[in-house]
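Okay, structure first, notes after.
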Amino acid sequence: MEKTMDLSLLVLIAILLSLAMVIAWAIQRVTSLSGWIDTIWSAAVGVGGMTAALFSNGDLDRRIALMTIIAAWALRLGGHIGSRTRGGSEDPRYARLIAEWGDSGAWRLFLFLQIQALAAFVLVLAVYLAANNGMAFPGFADGIAALIAAVALVGEAIADVQLARFRKTPQAKTEVCEAGLWRYSRHPNYFFEWLFWCCWPLFAIAAPISSWLSILAPLLMYWLLVHVSGIPPLEEHMLRSRGEKFRDLQTRVNAFFPAPRRQRPQGDER
């Protein structure tokens, strides 16, 4: 059965996401710790997704299940970033942007965070469309989607723990992490983050053509992580700080999708 979209609910959520990023901007200006931006962004997407699911037109079981999934994502990611930020760790991507913007850094950051609010809305829209799906729950596609979500959440958590452990070792000051999942992808945390958003089209797509808008969530996340604000600035930072060691890693390990490691050419003793 087709379920109509509640446009007034979506507009309200969009406004609240924008306000959340205004708060994130203000906290960054006061603390000079950019990690709070992503902490608040994660919380905003989680609360926005839960609100969208709660007030959607899907059946109760579907709404409860999807609220639980998006809440688990927000608590894990927001908690991880928040814990790292409390320790005084600054995000090198934001630090470089702010340094490059110079005197106009404050207002350019403000505009940048409003773009992040727009990205957050695209993700929340996917959650809303999934909860608004009129198909009986749980169906076969729902089971596959739930499995993808579970694998993504566990995989990203493992990758983050492995990196956090490496950062506590003396080798972290000069070496590159190649422990566990990091042996098979230079950014396994980003891969699993993208994989998580792949579950929402499976939850969402049904008869209404509007449900296909949910595909925007994984497409947007892939574009951001691989081509914009994820891998490119982080790898620039790693090349500056680790030089040939990271360049060597680039020749042997995939940037995003986990895959078997490539061997060094014979005679290469780097």
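Only a predicted model underlies this, so the values are computations on that prediction, with no experimental measurement involved. Positions are given from 1, in the same order as the sequence printed here.
- Closest non-hydrogen pair, Ala52 versus Leu9, comes out as O-CD2, 4.2 Å.
- For the pair Trp25 (side chain) and Ala106 (backbone), a donor-acceptor distance under 3.5 Å is present.
- Cluster annotation: Trp194 is connected to Val154 through the hydrophobic network of ILVMFWY side chains, with a link wherever side-chain heavy atoms come within less than 4.5 Å.
- Residues Leu19 and Ile23 are not in side-chain contact: their nearest non-hydrogen atoms beyond the backbone lie 4.5 Å or more apart.
- In terms of heavy atoms, Trp197 sits closest to Pro218 at O-CD, 3.5 Å.
- Side chains of Val226 and Tyr190 form no contact here, defined as non-hydrogen atoms less than 4.5 Å apart.
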Test salt bridge (charged side-chain N to carboxylate O under 4.0 Å, His left out) on Glu236 and Arg93; report intermediate values, then the result. CA-CA 9 Å; Glu236 285 182 14; Arg93 299 170 303 162; over 6 Å; no
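- In terms of heavy atoms, Trp182 sits closest to Val253 at O-CG1, 4.4 Å.
- If you check the side chains of Trp73 and Glu193, you find a donor sitting under 3.5 Å from an acceptor.
- Remark: Ala152 pairs with Leu195, Phe196 by the side-chain contact (heavy atoms from CB on, under 4.5 Å) rule, at least two apart or across chains.
- With sequence neighbours left out, Ser18 forms a side-chain hydrogen bond (donor to acceptor under 3.5 Å, both in side chains) with Gln114.
- In this structure, Arg62 contributes its side chain and Phe203 its backbone to a donor-acceptor pair below 3.5 Å.
- Contacts of Thr169 classified as side-chain hydrogen bond (donor to acceptor under 3.5 Å, both in side chains), with partners at least two apart in sequence or in another chain: Gln171.
- Side-chain contact check for Leu239 versus Gln250: some heavy-atom pair is nearer than 4.5 Å.
- Other residues sharing the hydrophobic cluster of Leu60, ordered by chain and number and joined by side-chain separations under 4.5 Å: Ile64.
- In terms of heavy atoms, Met135 sits closest to Ala206 at CG-CB, 4.0 Å.
- In this structure, a donor-acceptor pair under 3.5 Å is absent between the side chains of Tyr128 and Asp6.
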Evaluate Gln28 against Leu33 for side chain to side chain contact (heavy atoms under 4.5 Å, CB included), listing each step before the verdict. CA-CA 5 Å; Gln28 191 281 333; Leu33 290 174; over 6 Å; no
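- When the side chains of ILVMFWY residues are joined at heavy-atom separations under 4.5 Å, either directly or via intervening members, Met67 and Leu129 end up in a single hydrophobic cluster.
- The heavy-atom pair separating Leu153 from Ala72 by the smallest distance is CD1-CB, 4.3 Å.
- Considering only residues two or more places apart in sequence or on other chains, Asn254 meets the side-chain hydrogen bond (donor to acceptor under 3.5 Å, both in side chains) condition with Arg262.
- The CD1 atom of Ile37 sits 9.5 Å away from atom OG1 of Thr85, with the distance rounded to the nearest 0.5 Å.
- Between Phe256 and Tyr222, the distance from one ring center to the other falls under 6.0 angstrom.
- With respect to Arg84 and Asp160, no salt bridge is recorded, no charged nitrogen being found less than 4.0 Å from a carboxylate O.
- Between Arg242 and Glu175 there is no salt bridge, since no side-chain N of the basic residue sits under 4.0 Å from a carboxylate O of the acidic one.
- Within a 6.0 Å sphere centred on CZ of Arg165, heavy atoms belonging to other residues, nucleotides or ligands number 12 at most.
- For Asp142 (side chain) and Gly139 (main-chain N/O), a donor-acceptor pair under 3.5 Å exists by modelled atom type.
- Rounded to the nearest 0.5 Å, atoms CG (Leu17) and CG (Leu123) are 9.5 Å apart.
- Between the side chain of Ser104 and the backbone N or O of Trp101, at least one donor-acceptor pair lies under 3.5 Å.
- Clustering ILVMFWY residues whenever any of their side-chain heavy atoms sit less than 4.5 angstrom apart, transitively, puts Phe191 in the very cluster that holds Val151.
- Taking the side chain as every heavy atom from C-beta outward, Ile205 and Ser214 approach each other to under 4.5 Å.
- No hydrogens or angles considered: a donor-acceptor pair under 3.5 Å links the side chains of Glu235 and His187.
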Evaluate side chain to side chain contact (heavy atoms under 4.5 Å, CB included) for Thr51 paired with Val47, printing each intermediate quantity in order. CA-CA 6 Å; Thr51 303; Val47 173; 4.1 Å; yes
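- For the pair Val161 and Ile158, the minimum side-chain heavy-atom distance is 4.5 Å or more.
- The structure places CE of Met21 at 10.0 Å from CD1 of Ile27, a figure rounded to the nearest 0.5 Å.
- Taking the ring centroids of Trp36 and Trp41, they lie at or beyond the 6.0 Å cut-off.
- With Ser42 contributing its side chain and Asp38 its backbone, the two residues share a donor-acceptor pair below 3.5 Å.
- Looking at every heavy atom in both residues, Ala20 comes nearest to Ala44 through CB-CB, 3.8 Å.
- Phe137 is connected to Leu147 through a chain of hydrophobic side-chain contacts under 4.5 Å among Ile, Leu, Val, Met, Phe, Trp and Tyr, so both are in one cluster.
- Residues Trp107 and Phe112 keep their aromatic ring centres 6.0 Å or farther apart.
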Is there a side chain to side chain contact (heavy atoms under 4.5 Å, CB included) between Lys245 and Thr174? Walk through the geometry before answering. CA-CA 9 Å; Lys245 291 181 179 179; Thr174 56; 4.2 Å; yes
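- In this structure, the side chains of Leu10 and Phe121 come closer than 4.5 Å at one or more pairs of heavy atoms.
- Using modelled atom types, one side-chain atom of Asn132 and one backbone atom of Asn57 make a donor-acceptor pair closer than 3.5 Å.
- By the 4.0 Å N-to-carboxylate-O rule, Arg261 lies close enough to Glu178 to be salt-bridged with it.
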Between Leu225 and Ile231, is the side chain to side chain contact (heavy atoms under 4.5 Å, CB included) condition met? List the steps. CA-CA 6 Å; Leu225 292 176; Ile231 291 176; 5.7 Å; no
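- Remark: Arg63 engages no residue in a salt bridge (charged side-chain N to carboxylate O under 4.0 Å, His left out) (not counting sequence neighbours).
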